[in-house]
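Chain identifiers are assigned alphabetically (A, B, ...) following the order of the sequence lines, protein sequences preceding nucleic acid strands; residue numbering begins at 1 within each chain. The basis for the numbers below is simple: all heavy atoms, side chains too, and nothing from hydrogens, waters or symmetry mates.
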Amino acid sequence: MIARFDPLLPIAEVLAEIGRALEAGPNLVLEAPPGAGKTTQVPLALLDASWRGDGKIILLEPRRLAARGAAHRLAAHLDEAVGETAGYRVRLDRKIGPKTRIECVTTGLFLRQLQGDPELKGVAALIFDEFHERSVEADLALAFALEAQASLRPDLRLVVMSATLDGAAIAALMPTARRITSEGRAFPVTTHHLGDDSATWIEKQMAAAIRRALADEAEGDVLAFLPGLGEIRRTERELGGLADAIVLPLHGDLPLSDQDRAIQPDPQGRRKIVLATSIAESSLTIQGIRIVIDSGQRRVARFDPATGMTRLTTTKVSLANADQRRGRAGRLGPGTCYRLWSANSERALAPQPAPEIIEIDLAPLALELAAWGIDDPSNLPLLDPPPAAALAQARELLRELGALDPSHRITAHGRAMAELGLHPRLAHMLLIAKSRGLGALACDIAAILTERDIIGGPGRSADLGERLELLQSGGGDRGARARIQQAAKDWRRQLGIAAERDGSRSEAGSIVALAYPDRLAQQRGGKGQYRLASGRGAELALDDPLSRESYLAVATLDAGQKSARIYLAAPISLAEIEVDFASLITSAEQVAWNAREEFVEAKRERRLLALVLEEKPLQKPDPDLLRAATLDGIRQMGLDVLPWSNTARTLRARVAFLRRVLPEKDWPDWSDDALLASLPDWLGPHLTGMSRRAHLDRLDLHAALTDSLDWQQRQALEQLAPTHLDVPSGSRVPLDYETAEQPVLAVRLQEMFGATETPRIAGGRAPVLLHLLSPARRPVQVTQDLASFWKGAYKAVKSDLKGQYPKHYWPDDPLIAEPTARAKPRPR
DNA sequence: CTCTCCCT
């Protein structure tokens, strides 16, 4: 027989102090490492407290296994059967009797109880075990309990127990709480750091470490922690056959019989190497372990508000995780732990894992808040507030499901959802399906989606229909099937559905889509490639039979970098989509530039969010939309696509010149950027009837730009920046505004005889740059000061020209000479 | 190179 209180347990030293603290005040924080004995000894100590009266003590556990286990250990200490003084309640299973005063309850189930009875009638104390795990449920349950205590139940005792905890942070939530610390009890574990090696695959490192451990340690089984299934399989392959040892994988997807094989000692007495995910960190205890090898990695689910999907990522463990893993080697006696990292890089590890509330889908939390009547979670005593973006996303979803009204208040539908106790999307699915006479089918589907997969192993199809058939035929994994059937039965009972099946596999798609309308998927491009209604891409595994289907209702997927991977889905027909989602389907004229074929495509589209269900070409599109689309095309292709004539180019240069020299006048900005920005204003009116790239060749850009100037500007332009200048010879010589900063007048020297000064434009503001040419139009001189040229350089130039063009007229005094466009002036 | 774990 076990003693009710075990004086050898470390917690024994502080039990009296715990008793006194709870006499003095209602709240207590107890920090005690594993092995202290807190899970059994603390509830038993409270049983004897005078303040308890006949009230119950509720011990909150994160897992069903832990709740049942605690009840069994408590009953053993009381020398009773489970269900007498100590009992448990988990979903689908309870052992509680009229005498029960200590109830071991999963936190999730307790939240349902609390929402229904915030006063907690008949409850004297709540004990939060393993609070350091920081599940959303425990965070919320404590927050709600503190509120209930403050407003309704000042006498309610709250005890927060944790292996490692930031005592100061929790003290802020529970300002009056006493803090008590206890020692733990464990055998010493020798730690070897094997160093950082990012160049070698983790599987190779792990295999090498396992071989080394088997060689170094003469006895004891090995527990190796890896992030996931893939790493476990590859490490297994890497190890090959080991003499006298067996390798056993252990992960959550394994049938229970295989899990048991990994947990029990080998019947043939061989050494055992268990390759495990973090399932072996706290949920399962494996017998015979003396050696732990830790990869230092773990896989976590992160919710991405941008996609509304969850993504699995591999991250480094926290120090608390690593220590918890190491502790698994010190259960039987002194142990050994190998860490696949260095003592140095260990200092960079986070002390604790991120609390769940930071990283996961907050739709369930948002519904709990609404059911509790809370709009703003910042008023709640939470250690970490829910991230605003994820919470907003969650509330938007709940609004779409009809669980919240626009001011975030819970609706009757929302209340019914919350009471069902499953993810809000699935709760909504059950309620709506029931109203359509398909409630039983929906219960089966919800159970398939929430429980372990009935089909195991690689190469399984994503088809939900196969699972539905296995449920009925009695195939697939027995343990998984039993749980699925149990869960479905429980929901049918809650919903008052008598039938076991009321719909067929072919109706599964339209049921699933009730929960995940944003995951309706339409096939596109290659086989197995889909577009989701949310706009993201998704794909099936190669050769999945489902990839024949044009439309899928997707239930579970993993958001990858580019494309999400579909894990469970059911086919749905276009006709079903049309009927079920009529309110989400929009029909709109779509007039848009088709960049590939360079024309305006006008069509009528029927869409469901990002999916185009049907499209028809439009015979007479709205001319305004047509013009806007053409403008959009020009914007995409750039200004160079337009037919720039010389006159149009010159016009832009003339205006740019005036903008430069007369900044006080409002000459328009006709730079590329500005013209692109004002495209609708100056080009829009000229685009009538133009809907493809080839049509643009008909444009007169000179006219379009000129039209955008007012009458006065047009007059001023001709005066201030003329296209041509009259020179003394009588010729009209073109001005070049484009090649240089200043306008260039290229003219034969002889035509300028008689001109004393450089010609000026822009109202005299700017002299032109003279390019004086030979009779054969070879450049002779560049000047901006004609007067100085005549006086100075002309003399030398003249003699040169005379040599080359002896028959031409080269007067000594150019100022009084007669200008000419010919070799010599006409004789008078 | 095919999904971490848990719960109502």
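Taking 4.0 Å as the cut-off between side-chain N and carboxylate O, Asp558(A) and Arg536(A) do not count as a salt-bridged pair. The residues Arg299(A) and Glu231(A) are annotated as salt-bridged, a charged nitrogen and a carboxylate oxygen being separated by less than 4.0 angstrom. Ion pairing between a basic and an acidic side chain is recognised when a charged N comes within 4.0 Å of a carboxylate O; Arg64(A) and Asp93(A) show no such pairing.
If you check every strand for non-hydrogen atoms under 4.0 Å, Thr107(A) touches nothing. When heavy atoms are screened at a 4.0 angstrom cut-off, Trp491(A) is found touching no nucleic acid atom at all. Looking at heavy-atom distances under 4.0 Å, Ala301(A) makes contact with a base. Residue contacts for Arg64(A): at a heavy-atom cut-off of 4.0 Å it reaches the sugar-phosphate backbone alone, with no base atom in range. Heavy atoms of Leu312(A) sit under 4.0 angstrom from at least one base atom.
Rounded to an integer number of Å, the gap from Leu226(A) CG to dC1(B) C1' is 14 Å. Taking atom CD on Glu231(A) and atom P on dT4(B), their separation rounds to 7 Å, with Å as the unit. Taking atom CD of Glu133(A) as the reference point, atom C1' of dT4(B) lies 14 Å away to the nearest angstrom. Atom CZ of Arg89(A) and atom P of dC7(B) are 16 Å apart (whole Å). Rounded to whole Å, atom C1' of dC7(B) lies 13 Å from atom CG of Leu65(A). dT8(B) atom P lies 19 Å from atom CG of Asp117(A), rounded to whole Å. For the pair Arg237(A) CZ and dT2(B) C1', the computed distance is 12 Å after rounding to whole Å. Atom CZ in Phe303(A) sits roughly 22 Å away from atom P in dC6(B) (whole-Å rounding).
Aromatic ring orientation, Trp372(A) versus Phe144(A): parallel (interplanar angle below 30°, classes split at 30° and 60°).
OP1 or OP2 of dT8(B) lies within a sub-4.0 Å distance of a side-chain N or O belonging to Thr106(A). In this structure, Thr277(A) reaches the dC5(B) phosphate: one of its side-chain N or O atoms is under 4.0 Å from OP1 or OP2.
Picking from dC3(B), dT4(B), dT8(B) the nucleotide with the shortest atom distance to the side chain of Tyr567(A) gives dC3(B). Side chain of Arg112(A), nearest nucleotide from dT8(B), dC3(B), dC6(B): dT8(B). Among the nucleotides dT4(B), dC5(B), dC7(B), the one closest to any side-chain atom of Glu137(A) is dC7(B).
A heavy atom lying under 4.0 Å from DNA chain B marks the following residues of residues 419-427 of chain A, by number: Gly421(A), Leu422(A), His423(A).
Applying the 3.5 Å distance criterion, the base of dC1(B) shares a donor-acceptor pair with the side chain of Arg234(A).
Applying the salt bridge (Lys or Arg N to Asp or Glu O under 4.0 Å) rule to pairs touching residues 136-147 of chain A yields Arg134(A)-Asp139(A), sequence neighbours excluded.
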Tabulate below the donor-acceptor pairs under 3.5 Å that side-chain atoms of residues 353-367 of chain A make, not counting sequence neighbours, or state none.
| from | atom 1 | to | atom 2 | distance (Å) |
| --- | --- | --- | --- | --- |
| Glu356(A) | OE1 | Val136(A) | N | 2.8 |
| Glu359(A) | OE2 | Arg302(A) | NE | 2.8 |
| Glu359(A) | OE2 | Arg302(A) | NH2 | 3.2 |
| Asp361(A) | OD1 | Ala363(A) | N | 3.1 |
| Asp361(A) | OD2 | His423(A) | NE2 | 2.8 |

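Taking each heavy atom of Ala320(A) and Gln352(A) in turn, the nearest pair found is CB-OE1, 3.6 Å.
Two residues, Arg63(A) and Leu557(A), neighbour DNA chain B, and the one matched to the more 5' nucleotide by heavy-atom proximity is Leu557(A). Nearest-nucleotide mapping onto DNA chain B: of Gly228(A) and Arg483(A), the residue sitting toward the 5' end is Gly228(A).
Checked by atom type, the side-chain pair Gln523(A)/Glu549(A) shows no donor-acceptor distance below 3.5 Å.
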